Amino acid sequence: MEKETAFRGEVYKAARRIPKGKVTTYGELARLAGRPGAARAVGFFMKTNPYAPKVPCHRVVASTGALTGYSARGGLKRKRALLVREGVKFEGGRVDMGTSLWKGNGN
DNA sequence: AAACTGACTTCTC
DNA sequence: GGAGAAGCCAGTT
């Protein structure tokens, strides 16, 4: 899969900007990529992301802070473990929005 | 080119 | 806040 479209590049670039211990939503990522509303497409890129170690796809969660799919081994369990290890706060199995939510706006 | 699918988001009950 | 339905976008077949 070497079909790198401009949008894909933007999404991956934005995802790499996510600081450690923080998480962002697919919608926000899509917005940073320049296509607000393309949250669904963003999720697709994470699933088929050719830059697994470069793109911290595990730092991308749903708007409600709930963790969604994860292609890598371990699935959502692994994803949650990674976030917790990085210092992300969890509330009732969901990411603590307002505390560990990163906004790439000010950058 | 058309249709289907998917790691989403938002509205309403 | 949880469950159900509709709308969106891009990629894949």
Side-chain angles (χ1 to χ4, degrees):
Chain A
M1 277 202 175
E2 291 119 59
K3 305 154 65 127
E4 309 168 27
T5 65
F7 185 41
R8 259 178 100 150
E10 293 301 303
V11 174
Y12 292 135
K13 190 167 62 178
R16 285 193 297 255
R17 288 169 47 190
I18 304 174
K20 184 183 165 210
K22 292 273 191 169
V23 297
T24 189
T25 67
Y26 295 91
E28 195 65 35
L29 207 57
R31 192 176 67 74
L32 293 174
R35 292 292 180 281
R40 232 169 170 172
V42 172
F44 203 84
F45 300 149
M46 296 298 103
K47 186 178 77 164
T48 65
N49 74 327
Y51 310 96
K54 295 182 193 152
V55 179
C57 47
H58 61 270
R59 290 183 189 156
V60 187
V61 301
S63 62
T64 58
L67 300 182
T68 41
Y70 193 58
S71 299
R73 182 179 62 80
L76 299 179
K77 294 187 345 191
R78 178 80 183 212
K79 186 172 179 179
R80 187 166 76 72
L82 284 167
L83 293 174
V84 173
R85 183 184 295 183
E86 292 190 348
V88 175
K89 266 182 80 180
F90 272 78
E91 275 304 320
R94 291 175 194 69
V95 178
D96 185 348
M97 306 301 273
T99 300
S100 301
L101 180 61
W102 172 74
K103 292 101 171 168
N105 223 334
N107 189 62

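Each chain gets a letter, A, B and so on, in the order its sequence line appears, and its residues count up from 1. Quick caveat: nothing in here was measured; it's all calculated off a predicted structure.
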>> Just checking Arg16(A): does its CZ atom have more than 12 heavy atoms from other residues, nucleotides or ligands closer to it than 6.0 angstrom?
In response: yes
>> Whether the side chain of Tyr26(A) and the base of dA7(B) hold a donor-acceptor pair under 3.5 Å is what I'd like checked.
In response: yes
> What's the closest nucleotide to the Cys57(A) side chain, out of dT9(B), dA7(B), dC9(C)?
Replying inline: dA7(B)
>> Checking contacts here: which listed nucleotide (dA7(B), dT12(C), dT9(B)) is nearest the side-chain heavy atoms of Ser63(A)?
In response: dT9(B)
> Tyr51(A) has an atom OH; how far is it from atom P of dA7(B), in whole Å?
Replying inline: 21 Å
>> When you measure only distances, ignoring hydrogens and angles, does the side chain of Arg40(A) come within 3.5 Å of the base of dG7(C) through a donor and an acceptor?
In response: yes
>> Nearest to the Ala41(A) side chain among dA7(B), dC9(C), dG2(C), which nucleotide is it?
In response: dC9(C)
> Which heavy-atom pair separates Ser100(A) from Gly21(A) by the least distance, and what is that distance?
Replying inline: CB-O, 4.1 Å
> Leu101(A) has an atom CG; how far is it from atom C1' of dT9(B), in whole Å?
Replying inline: 15 Å
> In whole angstrom, what separates Glu28(A)'s CD from dC8(B)'s P?
Replying inline: 16 Å
> Are Tyr51(A) and Leu32(A) in one and the same hydrophobic cluster, where Ile, Leu, Val, Met, Phe, Trp and Tyr link if side-chain heavy atoms are under 4.5 Å apart?
Replying inline: yes
> Rounding to a whole Å, what distance do you find between Leu67(A):CG and dA7(B):P?
Replying inline: 15 Å
> Base, sugar-phosphate, or nothing for Thr25(A), non-hydrogen atoms under 4.0 angstrom?
Replying inline: sugar-phosphate
> Between Asn49(A) and Tyr12(A), which heavy-atom pair has the shortest distance, and what is it?
Replying inline: CA-OH, 3.2 Å
> Where the side chain of Arg35(A) is concerned, which of dA7(B), dT9(B), dA10(C) is the nearest nucleotide?
Replying inline: dA10(C)
> Nearest-Å distance, CZ (Phe45(A)) to C1' (dC8(B))?
Replying inline: 13 Å
> Of Ala39(A) and Phe44(A), whose nearest nucleotide on DNA chain B comes first from the 5' end?
Replying inline: Phe44(A)
>> Side chain of Ala38(A) only, heavy atoms from C-beta on: which candidate in dT9(B), dA7(B), dC9(C) is closest?
In response: dC9(C)
